[in-house]
Structure formats: structure tokens, C-alpha cells
Amino acid sequence: MSASMNRPLIHEILNQIEAVIVEAEEKTRPLEMQPYRGQLFDLFNTAHQNALTDDEEGPLAADAICKELGERWGLSTSAQSSVTENASIPPEHIAKMRSLWSVMRMWMEWNYAWNRWDEFHKP
């Protein structure tokens, strides 16, 4: 199934990733700890099973997630403004960036491991 046919699923997974991040931030808990890591992994699993996590072109590859959520949160604009105005990035945007980096790191590690699974688990 093509990515365009999976648009509702892509949107739903992005919304759920965002919700997990927001909840973890509100509770001041790291995304790498349970229940957040498990929730994110379940979302990764769904995305991977639907062939949406390809490193280069996947609509739910780590870079694509970062780009989409970064745009939702205005992070690109904030970063550009900080450069042009020679000002600091607001603390709330720094926190969002850190959360995105955490998600991206886990997502890339899971994708790498799952893509190489067969290589290490031959009968």
C-alpha cells in the first residue's frame, strides 16, 4: 500500500507520537522510560509493519517525524529567528527539540535492528 493511501494512518501515528511526547513533558519523565518507550515502540511497530519507516523515503522515518512535528511546533521558525535576531531559542522550544531527538534516536535504532533481524536470526 502506498504512503498516500496510508495518509490517515500516518497522521494518526504522528498525532499519537506527539501525545506521548506531550504527556512525558507534562509529567517531566524521560521518553526512554516506561510507559513512554513502550508506547512509542508500539507506534514504531505499526509504522514498520505498514512499510512507513524506510530511512530514505518513509513518511514515518525518523527525519520525517522530526520535520513534521518540528513544523507543528514552530521549531524551524524559532531556530531561524534565533539566528537572524542573534537571540536564544526559547526554553520551551529547546525542550521540544530534545524530545524530538530522543524519539528520533530510538526510532532509528529500532528501524536499524528490525531491518537487520533476518541477518542474525537465520534458521
Side-chain angles (χ1 to χ4, degrees):
M1 191 178 297
S2 72
S4 61
M5 293 177 70
N6 271 326
R7 230 348 113 204
L9 178 61
I10 293 165
H11 187 69
E12 179 59 28
I13 290 172
L14 285 167
N15 288 343
Q16 288 182 30
I17 292 169
E18 182 176 25
V20 170
I21 291 170
V22 167
E23 182 181 329
E25 287 175 345
E26 286 173 352
K27 294 184 178 179
T28 62
R29 302 278 303 162
L31 288 164
E32 294 83 0
M33 295 185 69
Q34 294 297 8
Y36 311 112
R37 183 176 66 180
Q39 292 169 353
L40 290 168
F41 185 76
D42 290 345
L43 294 168
F44 168 80
N45 180 38
T46 300
H48 195 273
Q49 286 180 349
N50 285 278
L52 301 171
T53 61
D54 181 279
D55 285 335
E56 301 298 320
E57 301 172 5
L60 289 176
D63 288 343
I65 292 168
C66 183
K67 182 178 183 214
E68 175 62 32
L69 294 182
E71 286 175 9
R72 287 184 187 186
W73 298 333
L75 300 182
S76 179
T77 303
S78 179
Q80 289 172 352
S81 294
S82 76
V83 170
T84 58
E85 298 170 13
N86 198 26
S88 297
I89 295 173
E92 63 274 9
H93 286 172
I94 295 290
K96 290 286 190 204
M97 287 178 186
R98 286 187 178 128
S99 294
L100 276 179
W101 293 330
S102 291
V103 170
M104 287 180 65
R105 183 183 46 73
M106 288 185 287
W107 207 266
M108 288 186 292
E109 288 172 357
W110 295 329
N111 198 47
Y112 179 80
W114 281 39
N115 286 339
R116 296 195 66 194
W117 177 265
D118 291 340
E119 201 175 321
F120 297 97
H121 294 88
K122 293 180 182 176

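A quick note: this is a predicted structure, and the numbers were derived from the prediction, not measured. Sequential numbering from 1 along the given sequence is applied to the chain's residues. In what follows, every heavy atom counts, from backbone to side chain, and hydrogens, waters and symmetry copies are set aside.
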Heavy-atom donor-acceptor pair, Asn6 side chain to Leu9 backbone, under 3.5 Å:
no
Specify the closest pair of heavy atoms between Lys96 and Glu25, including all atoms of both residues, with the distance to one decimal.
NZ-OE1, 2.7 Å
Please give me the minimum heavy-atom distance between Gln34 and Arg29, naming the atom from each residue.
O-NH2, 4.3 Å
Closest heavy-atom contact between Ser99 and Leu31?
O-CD1, 3.6 Å
After noting the C-alpha distance and the side-chain angles of Arg72 and Glu68, does the key distance pass the side-chain contact (heavy atoms from CB on, under 4.5 Å) rule?
CA-CA 6 Å; Arg72 287 184 187 186; Glu68 175 62 32; 3.2 Å; yes
Where is the tightest heavy-atom contact between Gln16 and Glu12, given as atom of each residue plus distance?
NE2-OE2, 2.6 Å
I'd like a table of donor-acceptor pairs (distance under 3.5 Å, sequence neighbours excluded) in which one partner is a side-chain atom from residues 107-115, with atom names and distances.
from: Trp107; atom 1: NE1; to: Leu60; atom 2: O; distance (Å): 2.7
from: Asn111; atom 1: OD1; to: Thr53; atom 2: OG1; distance (Å): 2.9
from: Asn111; atom 1: ND2; to: Thr53; atom 2: O; distance (Å): 3.2
from: Asn111; atom 1: ND2; to: Asp55; atom 2: OD1; distance (Å): 2.8
from: Tyr112; atom 1: OH; to: Arg116; atom 2: NH1; distance (Å): 2.2
from: Asn115; atom 1: OD1; to: His48; atom 2: NE2; distance (Å): 3.3
from: Asn115; atom 1: ND2; to: Asn111; atom 2: O; distance (Å): 3.3

Evaluate side-chain contact (heavy atoms from CB on, under 4.5 Å) for Leu69 paired with Val103, printing each intermediate quantity in order.
CA-CA 11 Å; Leu69 294 182; Val103 170; over 6 Å; no
To the nearest 0.5 angstrom, please state how far the CG atom of Leu43 sits from the CG atom of Leu14.
9.5 Å
Looking at every non-hydrogen atom in both residues, tell me the closest pair between Gly58 and Ala64 and how far apart they are.
O-CB, 3.6 Å
Apply the test side-chain contact (heavy atoms from CB on, under 4.5 Å) to residues Tyr36 and Met106: give CA-CA distance (whole Å), side-chain angles for both, the deciding distance (0.1 Å), then the verdict.
CA-CA 11 Å; Tyr36 311 112; Met106 288 185 287; over 6 Å; no
Return the CD1 to CG distance between Ile13 and Leu40, rounded to the nearest 0.5 Å.
11.5 Å
I need the Leu75 CG to Lys67 NZ distance, nearest 0.5 Å.
13.5 Å
Measure across Met104 and Cys66 and return the closest heavy-atom pair with its distance rounded to 0.1 Å.
SD-CB, 3.2 Å
Do Ile94 and Ile21 sit in one hydrophobic cluster, given that two such residues count as connected whenever their side-chain heavy atoms are within less than 4.5 Å of each other, even indirectly?
yes
Are Trp101 and Ile17 linked, directly or through intermediate hydrophobic residues, by side-chain heavy-atom contacts shorter than 4.5 Å (ILVMFWY only)?
yes
Are Phe41 and Ile65 grouped together when hydrophobic residues (ILVMFWY) are joined by side-chain heavy atoms under 4.5 angstrom apart?
yes
